[in-house]
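Beneath this line is the structure, given in structure tokens, with notes to follow.
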Amino acid sequence: MSDPSKPPGQGPATFVVPGHSVSRPSSPSSPSGSPPSEPAVARDSATVVLVRDTHDDHRPAGVEVFLQRRVRSMAFAAGMTVFPGGGVDRRDADASVGWAGPPPSRWAEWFSCSEPLARALVCAVVREAFEESGVLLAGTKTRVVADTGEYADARAALVSGELSLARFLTEAGLCVRADLLRPWANWITPEQEPRRYDARFFVAALPEGQQADGATTEAESARWQRPEDAIADAEAGRATLMPPTWHTLAEIGRFPSSAEVLACERTIRPITPRLVEDGDRIVVELS
């Protein structure tokens, strides 16, 4: 099992999982398992861990996360249980987008990247959250969107690429609400993989009045679930997780409320997981 007591960014860490419960890397390019001479370039991407509080008469209060099981026809992470997210689009860097909350320069400090990329990452995670889950992390300077129903057509146009996030928000009189987001982690796909991502993970609480859904062609199912239950499903073979998802679930599961998740101060450093087979177990090394 994982040991979330030492989160990434605070020294070496490993966690052990059943072999059937995590996605395996692609076949190595050489018998020694060394990376190819020219690894694929890791594409910038953004992932959002949506959280909400849950209360159950039979269990202590805790946090739920929104998870989706990707369709098996996807080129990357097919059939995996994942958080919403995806690659950065060039239009996500549009500096004309309305903004409220920590400026791009602050996000650049948190993620150790350029200011234009930081702006694009925040816009990408807002766009992907809306496209894949229907959750819109936007509003005016004084209020957050509570009912996304009127933006259904815009959501479809974002998915098709007909509409950019900046244009959508401008026409709707809205702005990115960066204050709803917090930086969480930076995971990079190992060099052996043919498709690689430099994924920045964000966390955000479900805005009041909004509902997350599974209305995306990229997922066959979606649900809110306690992190420990999602991990139990993977251990039992009912779901398959990627190492970043497993580790993030273990971390989020330590918190008794979404407010405490958002209040957690993180030191972000790039993490590239290495999977080592140990009999019927997988040792995931974080470096």
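What you see below is based on every heavy atom in this structure, not just the backbone, and it leaves out hydrogens, waters and symmetry mates.
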Distance in Å, [X] [atom1] paired with [Y] [atom2], rounded so as to fall on 0.5 Å steps:
X	Y	atom1	atom2	value
L169	F130	CG	CZ	9.0 Å
T81	R223	OG1	CZ	9.0 Å
W99	C123	CH2	SG	5.0 Å
F83	E128	CZ	CD	15.0 Å
S164	R90	OG	CZ	9.5 Å
L50	L206	CG	CG	7.0 Å

What are the two closest heavy atoms between [X] and [Y], and how far apart are they?
X	Y	result
M242	V82	CE-CG1, 3.7 Å
G134	T148	O-OG1, 3.6 Å
A129	S133	O-OG, 2.6 Å
C175	G98	CB-C, 3.3 Å
A222	G214	CB-CA, 3.7 Å
V284	P273	CG1-CB, 4.0 Å

Keeping [X] on the side-chain end and [Y] on the backbone end, is there a donor-acceptor pair under 3.5 Å?
X	Y	result
R119	A95	no
R155	E131	yes
Q225	L67	no
E228	G253	no
D94	R91	no
T245	L241	no

Contacts under 3.5 angstrom, residues 40-49 side chains, donor-acceptor by atom type, not counting sequence neighbours:
{"residue": "R43", "atom": "NH2", "partner": "V88", "partner atom": "O", "Å": "3.3"}
{"residue": "D44", "atom": "OD1", "partner": "R200", "partner atom": "NH1", "Å": "2.6"}

Is the closest side-chain heavy-atom distance between [X] and [Y] below 4.5 Å?
X	Y	value
W187	D198	no
I271	R269	yes
H247	L286	yes
R127	D89	yes
V122	L181	yes
E285	V276	yes
W246	L249	no
M80	R69	no

V203 and I252: CA distance, side-chain angles, deciding distance, side-chain contact (heavy atoms from CB on, under 4.5 Å) verdict: CA-CA 10 Å; V203 294; I252 298 294; 4.2 Å; yes
Distance-only donor-acceptor check, side chains S258 and D53, under 3.5 Å: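 S258 vs D53: donor-acceptor pair found between side chains.
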Residue of the set L136, L137, V135 for which side chain to side chain contact (heavy atoms under 4.5 Å, CB included) holds with L180: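 Testing L180 for a side chain to side chain contact (heavy atoms under 4.5 Å, CB included) against L136, L137, V135 leaves exactly one candidate, L137.
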Would V145 and Q210 satisfy side-chain contact (heavy atoms from CB on, under 4.5 Å), going step by step from the backbone distance to the final call? CA-CA 8 Å; V145 170; Q210 293 196 33; 4.1 Å; yes
State plainly whether one hydrophobic cluster holds both [X] and [Y], where clusters connect Ile, Leu, Val, Met, Phe, Trp and Tyr through side-chain heavy atoms under 4.5 angstrom apart.
X	Y	result
V144	V176	yes
I268	W107	yes
L121	I188	no

Under a 4.0 Å N-O cut-off, is there an ion pair linking E64 with R52?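 Answer for the salt bridge query: yes.
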Check R106 with E115, please: is the shortest side-chain N to carboxylate O separation under 4.0 Å?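 No salt bridge links E115 with R106.
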Does atom CD (E260) have a neighbourhood of more than 12 heavy atoms from anything else shown, all under 6.0 Å?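 Check passes, neighbour count above 12.
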Going by the salt bridge (Lys or Arg N to Asp or Glu O under 4.0 Å) test, which pairs reach into residues 161-186, not counting sequence neighbours?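 Salt bridge (Lys or Arg N to Asp or Glu O under 4.0 Å) check on residues 161-186 returns R167-E171, R177-D179.
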Just one of W184, F111, W110 clears the ring pair (Phe, Tyr, Trp, His ring centres under 6.0 Å) bar with F202, so which one?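 For F202, the ring pair (Phe, Tyr, Trp, His ring centres under 6.0 Å) test succeeds with only one of W184, F111, W110, which is F111.
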